[in-house]
Visitor: 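Take this structure first; my questions come after.
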Amino acid sequence: MAKYAVIKQNYEFRRAYHRGKSFVSPYLVAYCFKKRYGGIKMGITSGKKIGNAVARNRSRRIIREAYRSIYPELSGNWDIVFVARTAVLYKKSTYIAAVMRKQLREAGVLN
RNA sequence: UGAGUAGAAUAAACGGUCGCGUGCUUUGCUCCAAAGGGCAUUGCAUGAGGAAAGUCCGAGCAUCGCAGGGCAAGGAUAACGGCUAACGGCCGCCGAGGGUGACCUUAGGGAAAGUGCAACAGAGAUAUACCGCCAAUCUUCGGAUUGGUAAGGGUGGAAAGGCGAGGUAAGAGCUCACCGGCUGUGCGGGAGACCGGACAGCCCUGUAAACCCUAUCCGAUGCAACAUCGUGGUGGAACAUUUUGCGGCUGCCCGUCGCGUUCCUGGGAGAUGGCUGGAGCUGUGCAGCAAUGUACAGUCGAGAUAGAUGACCGUUCACGACAGAACUCGGCUUACAGUUCUGCUCACGUC
RNA sequence: GGCCCGGUGGUCAAGAGGCCUAAGACUCCGCCCUUUCACGGCGGCAACACGAGUUCGAAUCUCGUCCGGGUCA
């Protein structure tokens, strides 16, 4: 976890849900919130709807791997929260990375 | 060969590149008096399960309570012997039930200590007499009344043990033989539950996963326990109570209000420990029917804290089920694609 | 991770071994009333989370699953 910053506090998640812009796809939802300082921070939510513990871990790993491939290209001060959906379990991380790249370009995080 | 039954093992494999957690390590920068620490980085090692799950039992460990012992309340368990740290677990065995059999199931003490409950049906539910049967009396000869009886009918989950003979007005364990059950005495076998005979007495509804009785066991709470460091605020003590400064009312001036330091107490942000070497694992020998125990040799196999196993490429196959450690063990229960092995049983065929 | 409750028609719910073939209210359907709608009246449909066990008999008692909820400051 040393390479990229991680969102830990509950208020940061809530701030992203309420005031961030959302971008939807069948595999994941991205909430992006622009800050004044603090750099790029990322958080993942995989709720009970995804399934059991194995499925929740699996969804987090795929999203984290996709984010890892995109992370060096990001710049600015943003809080990004990804919410996993059930369909993410049946896709490869490279496919998810392409979807995520499109969402982040829409948000303006990625140029 | 087919069908079945009991048990055990395994939980896709191999190679390459990038990435993550932990431990050790290389180098650089940095904090520090030092010990040591922080950040980045190099290399090596290692990194989820048989159920990690449910949280249903039993323990370790920790805090609180408690001199020690007993009683009561509440809860749990229930044939017998053994194993175990302990258990409601396991092994063996007995009884009961099921299966042609291998084998499987079994909350399996006490209803003869007491209390309660048993709807509907039925004459009657722990005590009786509706239809019957028999006798006596009366009779309008259809039957009625009184008494005896419980074999037969019908109801029900259950109706005073079953069946045969004797007996009788009709009948009845009323009597007898056989069978069944209960209680007591004594005999043989067994470690015991229990099994097999003998004698005497008796023949009694079920329900204790209804209250209850008997025997045995149990203090409460749980790692978000707990210990240490420690911020703000609280309380107490000592010193100071002048100036300067800061903040609020209020953007500025005036005015006005508040604000000190040290030690102790206390424990709420946060941090560290607890945190993994243990009733451990593997192999062999010995004891035991087995559960298990023991001796020797070898071995160290996760420890996170938003929570580590992923991605891509190549090869092979049966194309991969259920499913993710969170203080740790022993069990139980539940979920589960396949593959392999072993013991045994039944049926058919051949020699 | 630990601890503790609950599950009855579409909804809210009573029943705590037999009178249960399961009360009641709202909803829904049909009929009546009204010129029509509403209100009202009459009638009807519809449920014991699932699987075993104890018992003559289980929504109720026992055990195990599956869901739902609460709680730790």
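Within every chain, numbering begins at 1; the chains are lettered A, B, ... in the order of the sequence lines, protein sequences first and strands thereafter.
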Visitor: Tell me: CD1 of A:I80 to P of B:A306, nearest whole Å?
Guide: 20 Å

Visitor: Quick one: A:E65 CD to B:U17 C1', roughly how many Å, whole number?
Guide: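 In whole Å, B:U17 C1' and A:E65 CD are 13 Å from each other.
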
Visitor: Is a donor on one side and an acceptor on the other found under 3.5 Å between the side chain of A:R85 and the backbone of A:S46?
Guide: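 Here the side-chain-to-backbone pair does not exist.
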
Visitor: Could you give the CZ-to-P distance, from A:R60 to B:G307, as a whole number of Å?
Guide: 8 Å

Visitor: Could you work out the separation of B:U294 and B:A279 based on their P atoms and round it to a whole Å?
Guide: 14 Å

Visitor: Compare all side-chain heavy atoms of A:I44 with those of A:V83 and state whether any distance is below 4.5 angstrom.
Guide: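 They are not in contact (no side-chain heavy atoms under 4.5 Å apart), so the answer is no.
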
Visitor: Name the orientation of the base relative to the sugar in B:A208: syn if the glycosidic angle is within 90° of 0, else anti.
Guide: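 What B:A208 shows is an anti base, its glycosidic angle lying more than 90° from 0.
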
Visitor: Should the side chain of A:R61 and the base of B:G324 be counted as holding a donor-acceptor pair, with the cut-off at 3.5 Å?
Guide: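 A donor-acceptor contact between them is present.
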
Visitor: I'd like to know if A:K21 and A:E106 make a salt bridge, using a cut-off of under 4.0 Å between side-chain N and carboxylate O.
Guide: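 Not counted as a salt bridge, because no side-chain N and carboxylate O are separated by less than 4.0 Å.
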
Visitor: Is any side-chain nitrogen or oxygen of A:K41 closer than 4.0 Å to OP1 or OP2 of B:A306?
Guide: no

Visitor: Taking atom C1' in both B:A158 and B:G206, what distance in whole Å separates the two?
Guide: 7 Å

Visitor: Is any side-chain nitrogen or oxygen of A:R58 closer than 4.0 Å to OP1 or OP2 of B:A311?
Guide: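 Answer is yes, contact under 4.0 Å.
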
Visitor: Across the strands shown, which category fits A:T94 at heavy-atom distances under 4.0 angstrom: base, sugar-phosphate, nothing?
Guide: sugar-phosphate

Visitor: Report the distance from atom CG of A:L89 to atom P of B:G310, rounded to the nearest whole Å.
Guide: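 Spelled out: CG on A:L89 to P on B:G310 is 14 Å.
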
Visitor: Tell me: CZ of A:R64 to C1' of B:A311, nearest whole Å?
Guide: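 Whole-Å distance recorded here is 13 Å.
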
Visitor: Does B:G23 have a Watson-Crick or wobble mate here (both distances under 3.5 Å), and if so which one?
Guide: B:C44

Visitor: Is any side-chain heavy atom of A:Y67 closer than 4.5 Å to a side-chain heavy atom of A:L74?
Guide: yes

Visitor: Quantified in whole Å, what is the C1' atom distance between nucleotide B:C204 and nucleotide B:G180?
Guide: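 Approximately 14 Å lies between the C1' atom of B:C204 and that of B:G180.
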
Visitor: Scan A:N57 against the nucleic acid and name what it touches under 4.0 Å (heavy atoms): base, sugar-phosphate only, or nothing.
Guide: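 Result for A:N57 = base.
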
Visitor: Looking only at the aromatic ring of each residue, does the gap between the centers of A:F23 and A:Y31 stay below 6.0 angstrom?
Guide: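 Judged by ring-centre distance (under 6.0 Å), A:Y31 and A:F23 do not meet the cut-off.
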
Visitor: Quickly work out the A:N52 CG to B:A323 P distance and round it to whole Å.
Guide: 6 Å

